[in-house]
*Asks:* 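One structure coming up, written as structure tokens, with questions to follow.
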There are 2 protein chains.
Amino acid sequence: MVDAVVEAAARILETRGLGGFNTNAVAERAGISVGSLYQYFPSKEAVVAALSVRERALLAAEVAAAAQSAASLSLEDALHRLAGAAIRRQLARPALARILDFEEQRLALEESDRATTRDIAGHVVALLRAHGAVLTVADLEKAAFDVIAIARALIDAAAGRGAVEPTALEGRIVRAALGYLTGLSHGAC
Amino acid sequence: MVDAVVEAAARILETRGLGGFNTNAVAERAGISVGSLYQYFPSKEAVVAALSVRERALLAAEVAAAAQSAASLSLEDALHRLAGAAIRRQLARPALARILDFEEQRLALEESDRATTRDIAGHVVALLRAHGAVLTVADLEKAAFDVIAIARALIDAAAGRGAVEPTALEGRIVRAALGYLTGLSHGAC
DNA sequence: CCATGATGCGAGTAATTACTCGTATTGCCT
DNA sequence: AGGCAATACGAGTAATTACTCGCATCATGG
């Protein structure tokens, strides 16, 4: 029931956007009444928050698996795995990902959600620490968040252009991330 | 009068966000009546669109100046100029920039606005063409949009973290952009 | 000082919508 | 079957808000 509402919310956000998102529409889409919806969620915001948690958890799982499989790889190969995970997730429902990225900042995030965010960043930080020798950045946490932001931006841009070739997109993300992480501020190669 | 409304809209968006943005609040903030507002703008959306045009034109001007001054520089130095321009603009009103980035996609953009967007990208494309020899990317237009997306993402991320050191941020953007533009897909340096 | 057109005003209207609550239905235990 | 608690229902309510329109005010020319 909760799941049905959350999925209905996702569909409404995808098709009608933030402006067309309302609880009546969500309840109808979920095949239940508004009254029932409010038995499971205290407010409209809570529905969006639950959806945010769900999507973030899916990303965290995919990233965790990628990090696991990338433990003994080079930095570049490891970044490829992570980029692939992010692409699979964000490209599965690009419109939804974009809206949630925008809203998440404003939502009163529960601790559980914030912990998931830390989880995702934590995997990236661990990977960076493992390859610390080749990095030209000092603050690994900041670098992790920035790399995630770069990946999101490039996936968004690709999705906005239409048809996406995931392998090429993966390469673009890795190149940008490697430049960020290992590039020299001033000087040739 | 038009300018007062547009600036009031900017302030409301910054302080109350998309959800708290309504024409009554904008009119009050602008020091005029709702009726007067609707003499100058046909709809609420038109106010946001006008604001979007204004902000985009400011960015275009700054980018044009930067591109001008970077005409004879190396790719890296030219990217520094462009990044600096983007940072000055987007960091001046980060919350506003973020909201407009999100809304612009959805807005029925007038031709004038779309032309400005093409202008900005055009400057980047021209710069890339001038340094085509060192690039490892083929599609310059796509690359330009992607580099812009990277810059936006890193500026947003920095703004979200709080206090920003513009010079360091500029360096991060340039490193990521250079990696994207000149990095090799597989292989060391 | 008046006439007239343009500009400004803001209470009002109709539509939307988050959320409630009294009633109906269901499922379970004896 | 009967009683009862839990769940589901959806019409209704109060608040918000995009936009209108009849009136007031102002500016200009004679």
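Keep in mind that what you see is a predicted model, and the values were worked out from it rather than measured. Throughout, a chain's letter reflects where its sequence line sits, starting with A, and its residues are numbered from 1.
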*Asks:* Is the phosphate of dG10(C) approached by Ser33(B) (side-chain N or O, under 4.0 Å from OP1 or OP2)?
*Replies:*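 Ser33(B) to dG10(C) OP1/OP2: no side-chain N or O under 4.0 Å.
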
*Asks:* Rounded to the nearest angstrom, tell me the gap between atom CD in Gln39(A) and atom P in dC19(C).
*Replies:*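 In whole Å, dC19(C) P and Gln39(A) CD are 15 Å from each other.
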
*Asks:* Closer than 4.0 Å, any side-chain N/O of Ser36(B) to the OP1 or OP2 of dC9(C)?
*Replies:*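 Yes, because at least one side-chain N or O of Ser36(B) sits under 4.0 Å from OP1 or OP2 of dC9(C).
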
*Asks:* What nucleotide, of dA18(C), dC9(D), dC19(D), holds the atom closest to the side chain of Asn24(A)?
*Replies:*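 The answer is dA18(C).
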
*Asks:* Report which part of the nucleic acid Asn22(A) touches: base, sugar-phosphate, or nothing (heavy-atom distance under 4.0 Å, all strands).
*Replies:*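 Answer is sugar-phosphate: Asn22(A) comes under 4.0 Å of backbone atoms only.
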
*Asks:* Can you tell me the distance, in whole Å, between the CD atom of Glu28(A) and the P atom of dA8(D)?
*Replies:*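 About 18 Å, once rounded to whole Å.
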
*Asks:* Within a strict 4.5 Å, meaning less than it, do heavy atoms of the Leu135(A) and Thr182(A) side chains meet?
*Replies:*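 A side-chain contact under 4.5 Å exists here.
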
*Asks:* Take Lys44(B) and Gly35(B), find for each the nucleotide of DNA chain D with the closest heavy atom, and name the residue whose nucleotide sits nearer the 5' end.
*Replies:*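 Closer to the 5' end of DNA chain D: Lys44(B).
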
*Asks:* In whole Å, what is the span from the CZ atom of Phe21(A) to the C1' atom of dA18(C)?
*Replies:*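 After rounding, the reported distance stands at 12 Å.
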
*Asks:* When you get a sec, tell me which of dT20(C), dC19(D), dA18(C) is the closest nucleotide to the side chain of Val34(A)?
*Replies:*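 My answer, after comparing the listed nucleotides, is dT20(C).
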
*Asks:* Send over the distance from Ile32(A) CD1 to dA24(C) P, rounded to a whole Å.
*Replies:*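 In whole Å, dA24(C) P lies 21 Å from Ile32(A) CD1.
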
*Asks:* Apply side-chain contact (heavy atoms from CB on, under 4.5 Å) to residues Ile32(A) and Tyr40(A) and explain how you reach the verdict.
*Replies:* CA-CA 11 Å; Ile32(A) 64 167; Tyr40(A) 292 94; 5.7 Å; no

*Asks:* Check whether any side-chain N or O of Arg89(B) sits under 3.5 Å from a backbone N or O of Glu55(B) as a donor-acceptor pair, and report yes or no.
*Replies:*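 Checked: no pair found.
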
*Asks:* Tell me which nucleotide among dC19(C), dA18(D), dG10(D) gets nearest to the side chain of Thr23(A).
*Replies:*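 Of dC19(C), dA18(D), dG10(D), dC19(C) is nearest to the side chain of Thr23(A).
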
*Asks:* Mind listing the closest non-hydrogen atom pair of Ala159(A) and Leu91(A) along with its distance?
*Replies:*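 Minimum heavy-atom contact is CB-CD1, 4.1 Å.
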
*Asks:* If we count only N and O atoms by modelled type, under 3.5 Å, do the side chains of Ser69(A) and Arg81(A) hold a donor and an acceptor together?
*Replies:*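 Per modelled atom types, Ser69(A) and Arg81(A) side chains form a pair under 3.5 Å.
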
*Asks:* Atom CE of Met1(A) to atom C1' of dT26(C): distance rounded to whole Å?
*Replies:*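 Distance check: Met1(A) CE to dT26(C) C1' gives 14 Å.
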
*Asks:* Once you round it to whole Å, what is the distance between C1' of dA18(D) and OH of Tyr40(B)?
*Replies:*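 After rounding, the gap between these two atoms is 20 Å.
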
*Asks:* Would you indicate what Phe41(A) reaches in the nucleic acid, counting non-hydrogen atoms under 4.0 angstrom: base, sugar-phosphate, or nothing?
*Replies:*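 It contacts nothing in the nucleic acid.
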
*Asks:* On the nucleotide dC21(C), are OP1 or OP2 found under 4.0 Å from the side-chain N or O atoms that Tyr38(A) carries?
*Replies:*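 False: Tyr38(A) side-chain N/O out of range (4.0 Å or more) of dC21(C) OP1/OP2.
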
